[in-house]
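These values consider heavy atoms only, across backbone and side chains, with no hydrogens, waters or symmetry-generated copies.
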Protein chains: 2
Amino acid sequence: MKLTTKGRYAVTAMLDLTLNDKAKPVSLADISARQDISLSYLEQLFSKLRKSNLVVSMRGPGGGYRLKGEAKDIVVADIIAAVDENIDVTRCAGRNACNSGKPCLSHDLWMDLSEQIRVFLADISLEDMKERAASVKHKCIDSDQVGQLIDGNLLNRKES
Amino acid sequence: MKLTTKGRYAVTAMLDLTLNDKAKPVSLADISARQDISLSYLEQLFSKLRKSNLVVSMRGPGGGYRLKGEAKDIVVADIIAAVDENIDVTRCAGRNACNSGKPCLSHDLWMDLSEQIRVFLADISLEDMKERAASVKHKCIDSDQVGQLIDGNLLNRKES
DNA sequence: CAATAACCTAGTATTTTAGTCAAGTATTAT
DNA sequence: ATAATACTTGACTAAAATACTAGGTTATTG
């Protein structure tokens with residue numbers, strides 16, 4: 001399990017899809033505009049998401065993407081795995097470093113840790129994040145709050 | 001919190017340090033040989049680990065590195081944070097995409113998720129991994145098994 | 001002093017990231 | 001049917017990160 005900005009783009013886009021899932025499917029152009037991600041990059045990501053059976057596409061005017069199945073059944077781990085396609089170059093797969101036993105050992109431990117993270121992310125669904133979205137909505141800064149924030153928290157933050 | 005092979009190298013090296021913490025400090029040359037990581041790359045990583053107060057160094061013959069403090073007090077999250085130094089380019093930090101409220105929303109959610117992962121990794125210490133090491137030790141290859149492996153798996157590996 | 005090992009700087013090949021561009025194909029409103 | 005819309009595919013690319021090399025300097029031990 002790798003955790004990069006690429007995965008973040010994918011999760012963000014999928015979350016956008018979840019939040020805007022109305023009667024019509026959501027076009028990539030819309031997501032591109034809302035999330036400020038380049039359309040072509042989204043196309044690449046959604047190509048992989050579709051091949052991993054996380055979304056379904058609808059062509060033609062009014063077309064776009066829609067979640068395949070329900071938001072509660074799609075988890076963050078699936079989304080990241082779909083776009084990352086890590087070939088898992090475990091350099092310790094029987095070659096040179098596996099003589100003393102220790103390289104193999106730490107390799108095992110890392111794989112174990114990586115698996116724990118995967119399990120952790122496999123427990124967070126888009127539905128969970130959608131619900132969470134409601135509760136953090138007030139966190140967003142609108143122009144009215146900017147003045148207070150400058151006087152308040154933000155300036156005090158950097159001092160630590 | 002980013003999760004890349006770079007972080008894995010660092011965790012592996014730190015775990016090597018933990019497992020070989022005897023009377024003498026551990027030289028990077030030793031870690032390089034055991035873990036099959038280039039010496040200069042280790043130097044770069046340990047420079048960061050030292051600056052983050054995770055290890056102490058001793059120069060000269062018989063010198064090397066040693067954990068700063070106890071293995072139970074050094075957690076995986078610290079190690080990854082030390083070598084990753086992500087400048088956190090939150091593109092949504094008040095600039096262009098934060099108008100409709102939604103980009104900010106998904107940004108918050110990702111930060112939240114990222115923080116959850118950090119907390120998760122902040123709970124796994126080198127001591128924990130060391131203890132775990134004992135239980136997975138039997139999985140490793142010792143010199144007695146090499147012959148069988150050469151005749152078996154290894155020769156068949158490269159053909160794909 | 002000579003060997004050792006940390007420390008530092010700079011460069012570099014490779015891979016990944018995050019796109020662009022172009023030429024398609026499929027769908028549907030009209 | 002035809003045009004417009006929207007997804008598909010592939011090739012290509014600039015920039016960054018990764019993993020490593022080379023060549024030194026500095027500190028410490030014997």
* Within the structure, does a side-chain N or O atom of A:Y41 lie under 4.0 Å from either OP1 or OP2 of C:dA18? -> yes
When rounded to the nearest 0.5 Å, the distance separating CD of B:E43 from OG of B:S38 is 8.5 Å
In short, ring pair (Phe, Tyr, Trp, His ring centres under 6.0 Å) pairs touching residues 54-78 of chain B with sequence neighbours left out are B:F46-B:Y65
note: B:L45, atom CG; D:dT18, atom P; distance rounded to Å ~ 10 Å
Sequence neighbours excluded, the answer for side chain to side chain donor-acceptor pair (under 3.5 Å) partners of A:K72 is none
Taken in chain and number order and not counting sequence neighbours, the residues that satisfy salt bridge (Lys or Arg N to Asp or Glu O under 4.0 Å) with B:D78 are none
With 3.5 Å as the limit, what N/O pairs link the protein to nucleotides 8-15 of chain C?
residue: C:dC8; atom: N4; partner: B:E43; partner atom: OE1; Å: 3.1

Residues passing the side chain to side chain donor-acceptor pair (under 3.5 Å) test with A:R118, sequence neighbours excluded, are A:E115
note: A:K48, atom NZ; C:dA18, atom P; distance rounded to Å ~ 11 Å
| message | Strictly below 4.0 Å: does B:T4 bring a side-chain N or O up to OP1 or OP2 of D:dT18? | response | yes
Shortest non-hydrogen pair, B:I74 vs B:L54, comes out as CD1-O, 3.5 Å
Contacts of B:R66 meeting salt bridge (Lys or Arg N to Asp or Glu O under 4.0 Å) (sequence neighbours excluded), chain-then-number -> B:D21
Taken to the nearest whole Å, NZ/B:K6 to C1'/D:dA16 is 11 Å
Would you tabulate the pairs of protein nitrogen or oxygen atoms and nucleotide nitrogen or oxygen atoms of nucleotides 24-30 of chain C closer than 3.5 angstrom?
residue: C:dA26; atom: O4'; partner: A:R59; partner atom: NH1; Å: 2.4

By nearest-nucleotide position on DNA chain C, the 5'-leaning member of B:Y65 and A:S38 is B:Y65
Between CG of A:L42 and C1' of C:dT20 the distance, given in whole Å, is 14 Å
- [ ] Return no unless some side-chain N or O of A:Y9 is found under 4.0 Å from OP1 or OP2 of C:dT17.
- [x] no
Between B:L39 and A:F46, the residue closer to the 5' end of DNA chain D by nearest nucleotide is A:F46
Whole-Å distance, B:I37 CD1 to D:dT18 P, equals 15 Å
note: A:D30, atom CG; D:dC7, atom P; distance rounded to Å ~ 9 Å
Applying side chain to side chain donor-acceptor pair (under 3.5 Å) to B:D123 and not counting sequence neighbours gives none
For this session: Please state whether the phosphate of C:dA5, meaning OP1 or OP2, lies under 4.0 angstrom from any side-chain nitrogen or oxygen of B:S57.
Result: no
Across all chains, not counting sequence neighbours, the side chain to side chain donor-acceptor pair (under 3.5 Å) partners of B:K24 are none
Separation of C:dG19 atom C1' from A:Q35 atom CD, nearest Å, is 17 Å
